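Read the structure below first, then the notes.
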Amino acid sequence: MGQVKDEEKLRIFIDENQLNERVFLRGPMDSNQISNELRDSHLFCLASETGEDGDVEGIPNALKEAMASGLPVISTFHDGIPELIEHKKIGYLVPEKDDLKLAQGLKYFLSYPRVWKRYTRSARQVIVENSDLNKQVIEQQRLYSLIEKNNEIN
């Protein structure tokens with residue numbers, strides 16, 4: 001229910017500010033559509049916030065995908081996001097629910113396009129390192145399961 005209400009608020013805001021030619025709410029997309037959107041984008045902004053019930057996102061996959069595809073990212077100091085993104089080194093982070101600071105993050109990248117490459121290079125490196133770490137964890141889990149099976153047999 002909250003998502004529909006928020007979407008309606010966004011649509012009204014877009015209409016009232018005559019942004020229909022510049023702001024598009026895409027809705028659900030498959031992986032190919034997401035890939036195309038990321039390829040055609042210049043910046044990626046994900047404003048995560050803690051839900052009213054205390055629910056948090058962890059580290060959103062959408063953020064990792066944007067970083068891996070080479071986009072400068074703007075996001076929030078929310079749950080696990082600061083573990084992935086170091087502010088003004090990997091991306092631009094702002095407090096949750098701070099519209100003005102979020103706009104400042106967008107303006108920062110739009111005002112200084114020469115820094116994009118430095119950010120995106122660092123972001124890709126983080127994704128590669130995390131990917132390698134995930135592979136190591138998976139391999140370690142596989143080895144533990146072999147040890148457990150071996151112990152069960154003996």
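Index from 1, following the sequence. Since the model is a prediction, treat every value here as computed from it, not as a measurement.
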Sequence neighbours excluded - salt bridge (charged side-chain N to carboxylate O under 4.0 Å, His left out) pairs with any residue from residues 76-94: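 Sorted pair list comes back empty.
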So which pairs with a foot in residues 11-31 pass salt bridge (charged side-chain N to carboxylate O under 4.0 Å, His left out), sequence neighbours left out?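 Salt bridge (charged side-chain N to carboxylate O under 4.0 Å, His left out) check on residues 11-31 returns Glu7-Arg11, Arg26-Glu37.
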For [X] versus [Y], what's the shortest heavy-atom pair and its separation?
X     : Y      : answer
Phe24 : Asn20  : CE2-O, 3.5 Å
Ile59 : Gly80  : CG1-O, 3.3 Å
Ile90 : Ser122 : CD1-CB, 3.5 Å

Stepwise, does the side chain to side chain contact (heavy atoms under 4.5 Å, CB included) test hold for Ile85 with Leu63? CA-CA 10 Å; Ile85 299 173; Leu63 204 48; 3.6 Å; yes
The reported gap from CG in Asp99 to CD in Gln104 (rounded to nearest 0.5 angstrom) is 11.5 Å
Give the table of side-chain donor-acceptor pairs shorter than 3.5 Å for residues 91-98, with sequence neighbours excluded, one pair per line with atom names and distance.
{"from": "Glu96", "atom 1": "OE1", "to": "Thr50", "atom 2": "N", "distance (Å)": "2.8"}
{"from": "Glu96", "atom 1": "OE1", "to": "Thr50", "atom 2": "OG1", "distance (Å)": "3.4"}
{"from": "Glu96", "atom 1": "OE2", "to": "Thr50", "atom 2": "OG1", "distance (Å)": "3.2"}
{"from": "Glu96", "atom 1": "OE2", "to": "His78", "atom 2": "ND1", "distance (Å)": "2.8"}
{"from": "Asp98", "atom 1": "OD1", "to": "Leu100", "atom 2": "N", "distance (Å)": "3.4"}
{"from": "Asp98", "atom 1": "OD1", "to": "Lys101", "atom 2": "N", "distance (Å)": "3.1"}

Restricting to side chain to side chain contact (heavy atoms under 4.5 Å, CB included), what partner residues turn up for [X], sequence neighbours left out?
X      : answer
Leu106 : Leu43, Cys45, Ile74
Ala47  : Thr76, Leu102
Ile34  : Met29, Leu38, Glu65

Give me each pair satisfying side-chain hydrogen bond (donor to acceptor under 3.5 Å, both in side chains) with a member in residues 107-118, each pair once, sequence neighbours excluded.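 Pairs touching residues 107-118 that pass the test: Tyr108-Tyr119.
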Other members of the hydrophobic cluster containing Leu19, with the 4.5 Å side-chain heavy-atom rule, please. Leu10, Phe13, Ile14, Val23, Leu25
Same apolar cluster (I L V M F W Y, side chains within < 4.5 Å links), Val73/Val126: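 Yes, Val73 connects to Val126 through the hydrophobic network.
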Is Phe109 reachable from Phe44 through a run of I, L, V, M, F, W or Y residues, each pair having side-chain heavy atoms under 4.5 Å apart?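 Each belongs to a different hydrophobic cluster.
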Quick one: side chain to side chain donor-acceptor pair (under 3.5 Å) partners of Thr120, sequence neighbours excluded?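 Side chain to side chain donor-acceptor pair (under 3.5 Å) check on Thr120 returns nothing, list empty.
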